[in-house]
Amino acid sequence: MAKVKKHRIAIIGGGLSGLMAALKVCEAGSEAWIFSYCPYKRSHSLCAQGGMNACMDTKGEHDSIYEHFDDTVYGGDFLADQQAVKGMCEAAPELVRMFDRMGVPFTRTAEGVLDLRNFGGQKNKRTVFAGSTTGQQLLYALDEQVRKWEAKGMVKSFVFWEFLEIIKNKEGVCRGMVAQNMNSMEIKAFAADAVILATGGPGQVFGRCTASTICNGSAVSRVYQQGAHIGNPEFIQIHPTAIPGSDKNRLMSEACRGEGGRIWVYKDGKPWYFLEEMFPAYGNLVPRDVASRAIYDVCVNQHLGVDGENKVYLDLSHISAEYLERKLGGILEMYSEFMGKDPRKVPMEIYPSVHYSMGGIWVDRKHFTNIPGLLASGECDYQYHGANRLGANSLLSAAYSGTVSGPAAIDWANTGERGSELTEEELEAARQRCVDEFEKIVNMNGTENAHELHQELGELMNKYVTIERVNKDLDYCFEEVKKILKRWDNIGVTDHGHWANQEAMFVRQLRNMILYALVVTKAARMRDESRGAHYKREFPNRDDEKFMKITIADYDPNTEEPIITYEDFDHSLIKPRSRNYAVAKKE
């Protein structure tokens, strides 16, 4: 038997998608070098609470893979590549069985079969879960598997290393990357046969959100500046149920509604279950974009929020405490800890928050970007959710995309037109470019405060580019973000050291976030329709004739602004139809 050639695949990100890709690379007999901001088990994937969608049909509802496929396309307002979504939905049951064999402690019924719960936008029970810590359990299982390969010498871990940029050879092919040790501040260049970006979403571009502070979109912004397309950046998911906080917003999982939670406010002196009235077919289980807009309308336009504030009730108090503890224990504990109230006894007070990005780096169905040798998977790619993501499809898309990008990277390394190897001179030139950039930041002595600029950026984006969008406001926001970009040059850094300089790293990330904000805002301004999470007040209807297209954003190095174009995509399998959750979904 011919000996399999061993390749080196650099994987940026140690979350669900990155670890899955690494696992597949190692199974193919090659090396995975994983670079991560944090220990893998602290990656943001662990924050996913509610579950993972797959057609297991253990409830006898005659669920089908096609129904999951149709729900996903319908929920995404027909903007997702249908062949890609079909492949994901078909793979979902086997992925669940694989995680089950890995030892993920999925919640089961008294008979011992996988339990399923309801999730938004889906009439059938389709969401497998591990209590209220599903993401954590999946991540821990993959971490264990990857450690096995690390013990065999097939995985090399670079934990607390930050990705800085990719390195292209003279043919324009990605053949390596530059990263920085977050403790010693050492900057090194690494050669690789392919690079997979799996760095999550850009939540911190909006300041207060449900995402971790490491979810800043910096890596995506950096490769965008190096020529990678960004697809559908205007589609930012607003989760309808989060605890508003002064530091960040904390997610109250959709599982609360899936297990019978009801959303209401007082109207005319009595409880008004407005989602149930507005959307009788789905009630509290409408998709996130629909629920968020309804809550916004009730609070902002009708002024019916709790105590006159932008909050509504999410009520679980009518459900037995024992049942809640078994199904939602971790979520209830979080609310009790931060709010000092027991959600088993009193309704929770919640409001929508920026949560997820449907858009991201443009990729094809094998997860290759438009830069040869560079792949992307997980939340940082744009592939599976169209204009709106169904709850519990995020863990699925993260896991599934890793099973695609890992093998695709190996195929590329075996057969792709990789061009020339990076020379020592090319590696050193890339490293030195990043060293020079870092030294310039360390020595910045202007009058602006980076954290104040970030706060201003977040407030602008939250105010103008979230639930409701208006063209004149988007124009204003775009110009204000450009001003923040210019003010970035006048930042003053207080830590001029070369050990664990978090301030300098944040300043670098901030510039990338500002450029990403310009992309999101410009793309939102250009799309004059309402589709999924993108709702524009002047254009409240979907416009398939003009905008049944993928948004493509490219970086203009001369102006540092995005160039927006549109591309056709495959929507041939399911014919587009009106999206209406007041009635049962019709084929």
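Just so you know, these numbers use all the heavy atoms, side chains as well, and skip hydrogens, waters and symmetry mates.
No hydrogens or angles considered: a donor-acceptor pair under 3.5 Å links the side chains of E276 and N284. Checked by atom type, the side-chain pair S578/N580 shows no donor-acceptor distance below 3.5 Å. S377 and H367 share no donor-acceptor pair across their side chains, judged by distance under 3.5 Å alone. With 3.5 Å as the limit, one finds a donor-acceptor pair spanning the side chains of R469 and H534. H239 and S353 share no donor-acceptor pair across their side chains, judged by distance under 3.5 Å alone. Looking only at atom types and distance, the side chain of D289 has no donor-acceptor partner in the side chain of Q237 under 3.5 Å away. At a cut-off of 3.5 Å, with distance as the only test, a side-chain donor of E259 or Y323 sits close to an acceptor on the other residue. Between the side chains of S157 and E150, at least one donor N or O lies within less than 3.5 Å of an accepting N or O. Side chain to side chain, D63 and H68 fail the donor-acceptor criterion of an N or O pair below 3.5 Å. Between the side chains of N53 and N393, at least one donor N or O sits under 3.5 Å from an acceptor N or O. For Q136 and Y140, the side-chain atoms include at least one donor-acceptor pair closer than 3.5 Å. For the residue pair Y224 / H229, no side-chain donor-acceptor distance below 3.5 Å is found, with atom types taken as modelled. Side-chain N/O atoms of W362 and N370 include no donor and acceptor closer than 3.5 Å. Judged by distance alone, the side chains of E234 and T551 do bring a donor and an acceptor atom under 3.5 Å apart.
Considering only heavy atoms from C-beta on, R108 comes within 4.5 Å of D100 through its side chain. You'll find the side chain of C256 stays beyond 4.5 Å of the side chain of T241, heavy atoms only.
Ring geometry for W272 versus F274: interplanar angle of 30 to 60°, hence tilted.
Across every non-hydrogen atom of A408 and L375, the tightest pair is CB-CD2, 3.8 Å. Looking at every heavy atom in both residues, A141 comes nearest to V104 through CB-CG2, 3.6 Å. The minimum heavy-atom distance linking Y282 with A584 is given by the pair CE1-CA, 4.3 Å. Closest non-hydrogen pair, E254 versus G391, comes out as OE2-CA, 3.9 Å. Taking all atoms of both residues into account, the shortest heavy-atom contact from A194 to W412 is CB-CD1, 3.9 Å. The heavy-atom pair separating V363 from Y382 by the smallest distance is O-CE2, 3.4 Å.
Cation-pi geometry between R577 and F78 is not met: the NZ or CZ atom fails to fall both under 6.0 Å from the ring centre and inside 45° of the normal. A cation-pi arrangement is found for R262 relative to Y273, the charged atom lying closer than 6.0 Å to the ring centre and inside a 45° cone about the ring normal. With F569 as the aromatic partner, K549 does not meet the cation-pi criteria of under 6.0 angstrom to the ring centre and within 45 degrees of the ring axis.
Ion pairing between R147 and D143 holds under the 4.0 Å rule for side-chain N and carboxylate O. Under the 4.0 Å criterion applied to side-chain N and carboxylate O atoms, D115 and K327 are assigned as salt-bridge partners. Ion pairing between K366 and D364 fails under the 4.0 Å rule for side-chain N and carboxylate O. Using a 4.0 Å cut-off between a side-chain N of Lys or Arg and a carboxylate O of Asp or Glu, E61 and K59 do not qualify as a salt bridge. Ion pairing of R344 with E325 is present here, as a side-chain N (NZ or NE/NH1/NH2) and a carboxylate O approach within less than 4.0 Å. Here D543 does not pair with R531 in a salt bridge; the nearest charged N to carboxylate O distance is not below 4.0 Å. Ion pairing between K86 and E90 holds under the 4.0 Å rule for side-chain N and carboxylate O. No salt bridge links E529 with R542; every basic N to acidic carboxylate O contact stays at or beyond 4.0 Å.
The environment of NE2 in H318 is crowded: more than 12 heavy-atom neighbours from other residues, nucleotides or ligands sit within 6.0 Å.
Aromatic rings from Y400 and Y384 are positioned such that their centres are separated by under 6.0 Å.
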Worksheet item: Are E67 and R126 close enough, and set up right, to give a side chain to side chain contact (heavy atoms under 4.5 Å, CB included), and what steps lead you there?
Response: CA-CA 10 Å; E67 192 69 21; R126 187 181 292 141; 3.5 Å; yes

